[in-house]
Amino acid sequence: MKRFSLVMLFTIVIATMLAGCGLLSQQTTETKTKTPPVKEVTMVQPSGIPVLMYHKIGDDKDNDAVIREDLFREQMKFLKDNGYNPLTMDQLYDYVVNGAAVPEKPVVLTFDDGYADTYSIVYPLMKEYGFAATVFVNSGDVGTRLTWEQLKEMKENGMTISNHGFQHIEMGQLSKAEQMENIKRAQQALADKLGITDNPWFCYPYGDKNKDTDAATKESGIKMAMAMKSGWAHKGDNPYNILRVWIGNAVDIKHFEERISTEHFSDL
Ligand SMILES: [Zn+2]
């Protein structure tokens, strides 16, 4: 028994020494990284975060809101190859409202309107790269471009499905009660069809607002809403007016790099 205790003690002393010089912990990390791979992420407190605004992926060259598939793929590959970390809406909210730290090289990916290509192109790529992304859909239009089944599948595989209004109408033209109705009907549809009972995010159709819009949004149960005005999001910003970075065909890879590197990016 005594001999056993001595051996144990010796082992503990050696193990402690090894851990102290980092040898043991290094070995443990190496074993861990083989299966499955563990990504080490450094947390930071950035001065701002680019929230990228995409709409349709496709070939309509004359439409400002559309971006070619090859360009979109090149941009996502750039993010992956250069260590960018797409954030969830929860992470963005926690940063804006509470000043929480976020993974280094943060970026937020948003896709408005809910086009068919959001399912056929965006979704498989997000899965492949393990990127967080948020889709803002008009619940009243589901069935014309995307189905509830497709939205459910995307949701179950990590994408955030959220509220862009029941209809794609200008909120600035509506009374406060009408604005709340447009938001709440969509909230109800997200709950009924996707089981999202407390969606906290919204995106203003056309970025359009009037003096009642922030209050109408808040009183409809929304905690944070995306605008279309150009710029980055900062901690302390009004969560009902999150600025975004427009991305379209004019944003080649050089301009893309600029837009995610500095908030003083060139106008296009
Ligand atoms: Zn829209």
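Position 1 is the first residue of the sequence, and the numbers go up from there. All values reported here derive from a predicted model rather than from experimental measurement.
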Those residues at least two apart in sequence (or on a different chain) that pass ring pair (Phe, Tyr, Trp, His ring centres under 6.0 Å) with Tyr129 are Phe131
Side chain to side chain donor-acceptor pair (under 3.5 Å) with Tyr115: of Thr118, Asp112, Asp113, only one passes, and it is Asp113
request  = Take the angle between the ring planes of Tyr93 and Trp201 and call it parallel below 30°, perpendicular above 60°, tilted in between.
outcome  = tilted
inquiry  = Would the distance check show the side chain of Asn82 and the main-chain N or O of Tyr84 forming a donor-acceptor pair, the cut-off being under 3.5 Å?
reply    = no
Rounding to 0.5 Å, atoms CD1 (Ile49) and NE2 (His234) come to a distance of 9.5 Å
(Q) Please check this pair: side chain of Trp232 against backbone of His264, looking for a donor-acceptor N/O pair closer than 3.5 Å. (A) no
Side chain to side chain contact (heavy atoms under 4.5 Å, CB included) filter on Ser175, not counting sequence neighbours, yields Ala177, Glu178
Residues, nucleotides or ligands: over 12 heavy atoms within 6.0 Å of Lys155 NZ | yes
With Leu87 as partner, the option from Val108, Thr134, Val107 fulfilling side chain to side chain contact (heavy atoms under 4.5 Å, CB included) is Val108
Exercise for review: Please check if atom CZ in Arg185 has more than 12 non-hydrogen atoms from other residues, nucleotides or ligands closer than 6.0 Å.
Suggested key: no
Exactly one candidate in Val66, Asn249, Ile121, Asp117 meets side chain to side chain contact (heavy atoms under 4.5 Å, CB included) with Phe72; the answer is Ile121
Q: Determine, for Glu128 against Lys80, whether the closest basic-nitrogen to carboxylate-oxygen distance falls under 4.0 angstrom.
A: no
Checklist entry - Which of parallel (below 30°), tilted (30 to 60°) and perpendicular (above 60°) describes Phe136 and His164? => result tilted
### Message
I'd like to know if Lys254 and Asp252 make a salt bridge, using a cut-off of under 4.0 Å between side-chain N and carboxylate O.
### Response
no
More than 12 heavy atoms of other groups within 6.0 Å of Lys193 NZ: no
Let's go through Met154 and Leu146 carefully: what are the C-alpha distance in whole Å and the side-chain angles of both, what is the deciding distance for side-chain contact (heavy atoms from CB on, under 4.5 Å) to 0.1 Å, and is it a yes or a no? CA-CA 11 Å; Met154 289 192 275; Leu146 283 177; 4.1 Å; yes
